[in-house]
Asks: 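Pasting a structure here, questions to come.
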Amino acid sequence: MEETILIKIGEIALKGLNRRTFEDVLVKNIRRRIYPLGEFTIQNVQSTISVTPKSDDIDMAETAERIGKIFGIAAYSRACIAKKDMDDIKIKTLEYLKDELQNAKTFKVEAKRSDKKFPLKSPEICSEIGGVILENFPHLTVDVHNPEKTVTIEVRDFCSFIRGEAIRGAGGIPVGTGGKAAILISGGIDSPVAAYMMAKRGIELTAIHFASPPYTSERAEQKVRSLLEIVSAYSGNMNMFVVPFTKIQETIEKNCPEELFTIIMRRIMMKISEIIAVKNGCSALITGESLGQVASQTIQAIACTDEASTMPVFRPLIGMDKDEIVTISRKIGTFETSILPFEDCCTVFTPKHPRTRPVLKFVKQAEESFDFASLIEEAIDNVRIVKIHSHNAFKEALPI
Ligand code: ATP
Ligand code: MG
């Protein structure tokens, strides 16, 4: 039986004249995300995108799983393609939905007839298909208000579709329609969630990670890479820029007051990130900060951090509780990796009593105790690029 996946477009339907551009980006994103699975025909007709495999050996379960993570999709469903002929629709409905009908107790049929020339009207289609289902599955009863199973028949211009319930899509707007931004990614719980949330609003991502070998290990970097691969199933492929941070941290430790160590380190992170972001076409930075979570996330500390760069800094988690962040992290699949016990550069040289209300004037004075410019330049010259491929998110994860 010929199968397809029907996709209902989400919020982009509201975008007036931009709608066509948004839809084109969505189709491109779908194509990119599923191409390793085989060849597909992708059509966009009457506000529904259909994704039909060109051969029957394509794994449709994995195709659907990948589509379920693409932003800009409100709902999707696997469907069987039938002719615009009631006999063909009946035979295929019984065969295609056999297992689901077998396991249900109640059902109803819905029909959508966009081809108004089709000889039967929607209520007639429902009653004929309902009748044939009852004949073949005598244990079922019809329940139009609260059915366990809804069978939908869509009669379109060139064919009909038979399907069960639609599945809720990832929502949001297509990645790439909102510009590009750089996520400062650690191995923690928060920053992968922040990355996911901004990608959901259409932002294409670049990632920046600060590593401080030998204080931080190769496995800690591998963990960050795995986290980004999970995020990339939603956001698409990206580059991760790994910045060597050891010398800078050691220099701050030697030259600046201990209680300002973290805030100075964070300001230098922002300065370096801005330079990398600009070079790579990004117009904003993203962090996983949440107000009041730690000493460096008070209003005063955030004000000092913000002053270090001129770019807008998006902090999508700013008003969220940790348990709300954890819920999203579990939903998107990053939580189990985030809690693996590896060190982050932020946990190296942590002061015992960090200043929770740093004053910018004193922070700047402390920074003047050393000329960081050449160290920043050196760090940028030695940045390593790691390619993050969304396809790895669907493979068996490598041990970290
Ligand atoms: P996370 O769970 O994202 O690590 P956190 O609550 O542990 O966040 P911090 O360690 O203070 O908080 O980090 C705040 C933010 O700074 C992170 O969300 C992230 O955006 C950025 N950040 C922290 N460590 C790094 C790093 N090694 N490389 C890049 N960005 C980092
Ligand atoms: Mg952290």
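Just follow the structure's listing: the first ligand is 1, and inside any ligand the first atom is 1.
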Asks: Decide whether an N or O pair under 3.5 Å exists between I286 and ligand 1.
Replies: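 Not met; the criterion fails.
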Asks: Would I185 count as being in polar contact with ligand 1, using the rule that some N or O on each side must be under 3.5 angstrom apart?
Replies: yes
Asks: For the rings on Y96 and F161, is their centre-to-centre separation under 6.0 Å?
Replies: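 No, the ring of Y96 stays outside the 6.0 Å limit from the ring of F161, centre to centre.
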Asks: Could you check whether E95 pairs with K98 (Lys NZ or Arg NE/NH1/NH2 to Asp/Glu carboxylate O, under 4.0 Å)?
Replies: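 Looking at K98 together with E95, the answer is yes, because their closest N to O distance falls below 4.0 Å.
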Asks: Near S191, which atoms of ligand 1 are under 4.0 Å from a heavy atom of that residue?
Replies: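 Ligand 1 atoms under the 4.0 Å threshold to S191: 1 (P), 3 (O), 18 (O), 19 (C), 20 (O).
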Asks: Just go through R315, E289, Q297 and tell me whose heavy atom is the nearest to atom 9 (P) of ligand 1.
Replies: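 Of the listed residues, Q297 has the closest heavy atom.
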Asks: Quick check on contacts: which atoms of ligand 1 are under 4.0 angstrom from a heavy atom of G188?
Replies: 1 (P), 2 (O), 4 (O)
Asks: Please list all pairs meeting side chain to side chain donor-acceptor pair (under 3.5 Å) that have one or both residues in residues 157-169, counting only residues at least two apart or in different chains.
Replies: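 Found K149-E165, E154-R163.
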Asks: Could you name the option among D190, D344, V313 that has the heavy atom nearest to atom 2 (O) of ligand 1?
Replies: D190
Asks: Output yes when the distance from some N or O of ligand 1 to some N or O of L184 is under 3.5 Å, and no in every other case.
Replies: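 Min N/O separation from ligand 1 is below 3.5 Å for L184.
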Asks: Tell me which pairs pass side chain to side chain donor-acceptor pair (under 3.5 Å) where either residue lies in residues 123-135, with sequence neighbours left out.
Replies: K90-E128
Asks: Based purely on interatomic distance, does Q293 place a nitrogen or oxygen under 3.5 Å from a nitrogen or oxygen of ligand 1?
Replies: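 By distance alone, the answer is yes.
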Asks: Between T206 and M238, is there a side-chain heavy-atom distance shorter than 4.5 Å?
Replies: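 Result no, sub-4.5 Å side-chain heavy-atom pair not found.
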Asks: Is atom CZ of R78 surrounded by more than 12 heavy atoms (other residues, nucleotides or ligands) closer than 6.0 Å?
Replies: yes
Asks: Please determine whether side chain to side chain contact (heavy atoms under 4.5 Å, CB included) holds for the pair Q102 and F137, giving the CA-CA distance in whole Å, both sets of side-chain angles, and the decisive distance to 0.1 Å.
Replies: CA-CA 7 Å; Q102 199 72 60; F137 298 90; 3.5 Å; yes
Asks: One residue to check: I208. Relative to ligand 1, which of side chain, backbone, both or neither has a non-hydrogen atom less than 4.0 Å away?
Replies: backbone
Asks: Report yes if some N/O of G288 lies less than 3.5 Å from some N/O of ligand 1; otherwise report no.
Replies: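 The answer is yes, given that G288 and ligand 1 share an N or O pair closer than 3.5 Å.
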Asks: Select one of side chain, backbone, both or neither to describe which atoms of T287 lie under 4.0 Å from any atom of ligand 1, heavy atoms only.
Replies: both
Asks: Within 45° of the ring axis of F335 and under 6.0 Å from its six-membered ring centre, is that where the NZ or CZ of R330 lies?
Replies: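 Flagged: R330 positioned over aromatic ring of F335.
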